[in-house]
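This report refers to the structure that appears directly beneath it.
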Amino acid sequence: MANRVETVVYDIVKAVREVLSRHDVTFEEYRAGVGFLMQYAKAPEYEIPLVCDLWFNATITDNEMKHRKGSTTNVEGPYFLENVPVINDEIKTLDDGSEPLVLEGRVTDLAGKPIKGAEMFVWHSDNHGHYSGFDPELPQDSYRGKKIIGADGEYRIRTRVPAPYPIPHHGPSGKLLEMMGRHPWRPAHVHFKIRAPGFLEHTTQSYFTGGKWVDSDCVEGVRPALIHNLEDANGAKVLRKDFKLDPA
Ligand SMILES: [Fe+2]
């Protein structure tokens, strides 16, 4: 039986060797690279998952989509919280200067049948790119909540338009981006996670048409199907997004 660790790890090794060969990497560069990796030993423990997610998380969600027919999934990111209040039609926000945002749409199976009782987690940043539960300045449970989907499959949630934010960039991962001439910013987005018995968990993000950094997301997570127009209606922006969940 094939040893999957050997198969995957050794293919990674061969891919790296091919790159080192193609670019004629010198001993000096090789030792500089190893020395750079040593910085992770002294860095805060989130730096290794951070740099892995920076380059590879979106690839794994693309792999996931090869086996799904429903709506497009996307990276979860580090700011999901399990224990959040059930919301009705409004997420708790502060008067942070950003515009009201209405999230609306339907949650159905692949055939369009509503999924009654599905749990929809919604979370996003405030107008300064900060998340409650991680930024001590923000009230607990602000900018996040859990909606229970009713018999018609519809949801309509009032919140505020989030802002772009940089990933943590004061450690080696930020230094690496800087040396590469790249920026550490993610475009503004709203996170969703939907769970329902009999269906695969659906984790995704929604981005906004024309949003800053949409074309150069530092984690390269934006996919065309996840970019939505924000329509104007009754003094608010409206993001309409329907979810089709895959059967388990
Ligand atoms: Fe996020």
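Quantities reported herein were computed from a predicted structural model and do not represent experimental measurements.
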Side-chain donor-acceptor pair under 3.5 Å between Thr203 and Lys193, yes or no? yes
Specify whether His128 and His130 have parallel, tilted or perpendicular ring planes, treating 30° as the upper limit for parallel and 60° as the lower limit for perpendicular. tilted
Would the distance check show the side chain of Arg186 and the main-chain N or O of Tyr165 forming a donor-acceptor pair, the cut-off being under 3.5 Å? no
If we ignore hydrogens and angles and just use 3.5 Å, is the side chain of Lys69 paired with the main-chain N or O of Lys244 as donor and acceptor? no
Pairing donors with acceptors under 3.5 angstrom, does anything connect the side chains of Ser206 and His189? no
How are the rings of Tyr143 and His124 set relative to one another: parallel (under 30°), tilted (30 to 60°) or perpendicular (over 60°)? perpendicular
I'd like to know if the side chain of Asp141 and the backbone of Pro85 have a donor-acceptor N/O pair within less than 3.5 Å. no
Nearest 0.5 Å please: distance from the CG atom of Leu226 over to the CG atom of Asn74. 5.0 Å
Test side chain to side chain donor-acceptor pair (under 3.5 Å) on His183 and Ser216 and set out the steps. CA-CA 9 Å; His183 67 73; Ser216 65; 2.9 Å; yes
Glu220 (side chain) donor-acceptor with Ala58 (main chain) under 3.5 angstrom: no
Given Arg223, which of Thr73, Asp62, Thr204, Asp217 fulfils the side-chain hydrogen bond (donor to acceptor under 3.5 Å, both in side chains) condition? Asp62
If you draw a 6.0 Å radius around CZ in Phe134, do more than 12 non-hydrogen atoms from other residues or ligands fall strictly inside? yes
Looking at Arg160 and Leu94, would you say the former's side chain and the latter's main chain have a donor-acceptor pair under 3.5 Å? yes
Parallel, tilted or perpendicular: ring planes of His191 versus Trp123, cut at 30 and 60 degrees: parallel
Specify whether Trp213 and Trp185 have parallel, tilted or perpendicular ring planes, treating 30° as the upper limit for parallel and 60° as the lower limit for perpendicular. parallel
Check: Thr108 and Phe243 side chains under 4.5 Å, non-hydrogen atoms: no
Please report whether the ring centroid of Phe80 lies less than 6.0 Å from that of Phe121. yes
Any side-chain donor paired with an acceptor under 3.5 Å for Asn229 and Thr209? yes
With Tyr10, which of Thr7, Val8, Ile12, Val13 fulfils side chain to side chain contact (heavy atoms under 4.5 Å, CB included)? Val13
Check the side chains of Ser125 and Tyr79 for a donor-acceptor pair under 3.5 angstrom, ignoring hydrogens and angles. no
Heavy atoms of other groups near Arg158 CZ, more than 12 under 6.0 Å: no
Check against salt bridge (charged side-chain N to carboxylate O under 4.0 Å, His left out), Arg68 and Glu64: CA-CA 7 Å; Arg68 292 186 179 215; Glu64 182 178 72; 3.6 Å; yes
Should Leu101 and Pro162 count as side-chain neighbours, where that means a heavy-atom distance under 4.5 Å? yes
Would you kindly say whether Tyr207 and Gln205 are connected by a side-chain donor-acceptor distance under 3.5 Å? yes
Look up atom CD1 in Ile115 and atom CZ in Arg195, then write down how far apart they are to the nearest 0.5 Å. 14.5 Å
With the side chain counted from C-beta on, respond yes when Val238 and Glu104 share a heavy-atom pair under 4.5 Å apart, and no when they do not. yes
Please check if the number of heavy atoms outside Glu28 that lie under 6.0 Å from its CD is greater than 12. no
